[in-house]
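Heads up: numbering here begins at 1 and tracks the sequence. First listed ligand is number 1; within each ligand, the first listed atom is number 1.
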Amino acid sequence: MMLFVRIILCIVLIFCVSVKAHYIVIVRTEEENFVSTLTKAPKYVPTWPSLDSRPLPVWYDVAKFGIFIHWGVFSVPSFGSEWFWNNWKEETETTKYSDFMKQRYPPNFTYQDFAHDFTAEFFNASEWAELFKASGAKYVVLTSKHHEGYTLWPSKYSFSWNSMDVGPQKDLVGELAKAIRSKTDIKFGLYHSMYEWYNPLYITDKQNNFTTDRFVTHKIIPELYELVETYKPEIIWSDGDWEASDSYWKSKEFLAWLYNKSPVKDTVVVNDRWGSNIPCHHGDFFTCTDRFNPGVLLPHKWENCMTIDKKSWGYRRNAVLSEYYTLAGLVKELVITVSCGGNLLMNVGPTKDGIITPIFEERLRGMGAWLAINGEAIYDTKPWTVQNDTLTGSVWYTLSKNEKQLYASILEWPDDNILLLGSLKLSKSSQIHLLGYSSIIPWKQSDNKLVIRLPANAHRGEPAWVLRIGTL
Ligand SMILES: *[C@@H]1O[C@H](CO)[C@@H](O)[C@H](O)[C@H]1NC(C)=O
Ligand SMILES: *[C@@H]1O[C@H](CO)[C@@H](O)[C@H](O)[C@H]1NC(C)=O
Ligand SMILES: *[C@@H]1O[C@H](CO)[C@@H](O)[C@H](O)[C@H]1NC(C)=O
Ligand SMILES: *[C@@H]1O[C@H](CO)[C@@H](O)[C@H](O)[C@H]1NC(C)=O
């Protein structure tokens, strides 16, 4: 009898508690909804710990390979580098730039005068989009404004120093964005320089040791909002940050808006150049320094931005062939970068007429041809426990997302066609394929090395070769 009463009591109690809990849950949910519709509490606040807590949008790590485009008024002199204006004005040790000007231009010719010759007369955004697609790149990053301050879009904040008012009389950013989005599934990103060498507003702030911020509040922040709202870039590749702090640039506030409220809040990724001491410490991906390629695995997502013309980002008319990377050199950069957890951003410099010259085109199409066969070792992969082989250092590893396939990219073909690997031990059921080659590759596991017999006729002067190793 006592037991029966207890059971009844127990059931009643459980019922009451569960009803009450249910009731409370409903009330709390409604309250939360009510509160959140009133205040819309932002996800991110303008501090680095908060901004850094945002997960990296997935597409960026999957992509691995992008094209950088340095184009602007500097493409007109196309001499030295994209730093032409600064190199010329602040030249002390040599007279290379002043001689260049003296020999070709009337005495009072200014840098601004070059802009009339930035014609972009052969620029065809669809052709560029087709070429970038053929390169195998999954994103592009265009210089919307370099340190010269000239904007490649009709900015309200760059009166008479933009591509609509002087030069091409076109919205170059808009035309490329439209072509990329309508003809490809490539993500469209924009480079943006915060500092402008000779902007009087910037010079004044600098003379005031950055205790004033007229340049940032009247120029940089409005122009960044204009760029994001008009073109919805999925990368903002910031630069020209190093002379002042992130507080002067109001970077954290801008990024909080970008992550919380902008039209690209869910997909945008940004680099790390947001103020002195910020690079390599904060941002969605680290670029650290130009041409950063550490050769070891890093714990944070990073990018190796580099140039096909080893000496310049902007087009140089007087570059010689040996100053361009070979296709094998470019594939090597890609392979090492991706094995170590990075993305490769490979730069081309179009001419003032809007042409991507055949030497750049040849390299881009070459990358695409290599990736068409070997892309499964690059796209959507992750680093393995070992990056380059302990016995043959020029073999670099990546792992498929599901961890079922290991890829070994061979940068140097072994003389006798016998490849020795020291970093892995295979079980009897393992199979090895050479990508682009149909028959199975014979191998033998000895105690401390794997001996792989490569087919001699697969050599064929390829830039690199990939083994797919299944069932580890
Ligand atoms: C160049 O500018 C200076 C100063 O404005 C002027 O005196 C001079 O006549 C100009 N020279 C030419 C060739 O226009
Ligand atoms: C751009 O190039 C495409 C492909 O070659 C061509 O069909 C198109 O007519 C060109 N557009 C212009 C404006 O020249
Ligand atoms: C800026 O700093 C320098 C060096 O500390 C100092 O000499 C100068 O007076 C400062 N200028 C202003 C406007 O505060
Ligand atoms: C791996 O690559 C690094 C950098 O390229 C090189 O210094 C090192 O020797 C390589 N490792 C091996 C085991 O060869």
**OP:** Say whether Leu391 and ligand 4 are in contact under the criterion: heavy-atom distance to a ligand atom below 4.0 Å.
**Re:** no
Original post:
Does the gap between the ring centers of Tyr437 and Trp465 come in under 6.0 Å?
Top reply: no
Subject >> Atom indices of ligand 4, in the order listed, that fall short of 4.0 Å to a heavy atom of Asn388 >> reply: 1 (C), 2 (O), 3 (C), 8 (C), 10 (C), 11 (N), 12 (C)
Original post:
Considering residues at least two apart in sequence or located in another chain, which fulfil the side-chain contact (heavy atoms from CB on, under 4.5 Å) criterion with Thr92?
Top reply: none
Subject >> Atoms in ligand 4 with a heavy atom of Asp389 nearer than 4.0 Å >> reply: 12 (C), 13 (C)
Original post:
Ion pair present between Asp284 and Arg54, side-chain N to carboxylate O less than 4.0 angstrom?
Top reply: yes
Original post:
Looking only at heavy atoms, what is the nearest atom pair of Ser75 and His70, with distance?
Top reply: OG-O, 4.4 Å
Subject >> side-chain contact (heavy atoms from CB on, under 4.5 Å) evaluation trace for Phe286 with Leu298 >> reply: CA-CA 10 Å; Phe286 294 170; Leu298 297 189; over 6 Å; no
Original post:
Is the number of heavy atoms from other residues, nucleotides or ligands within 6.0 Å of CD (Glu91) greater than 12?
Top reply: yes
Original post:
Measuring from each atom of ligand 3, which residues have a heavy atom under 4.0 Å away?
Top reply: Gln207, Asn208, Asn209
**OP:** Using a strict 4.0 Å cut-off to heavy atoms of Gly393, name the atoms of ligand 4 that fall inside it.
**Re:** 12 (C), 14 (O)
Subject >> Lys/Arg N to Asp/Glu carboxylate O, Arg273 vs Asp241, below 4.0 Å >> reply: no
Original post:
For Asn87 and Ser81, which heavy atoms make the closest approach, and how far apart are they?
Top reply: ND2-OG, 4.0 Å
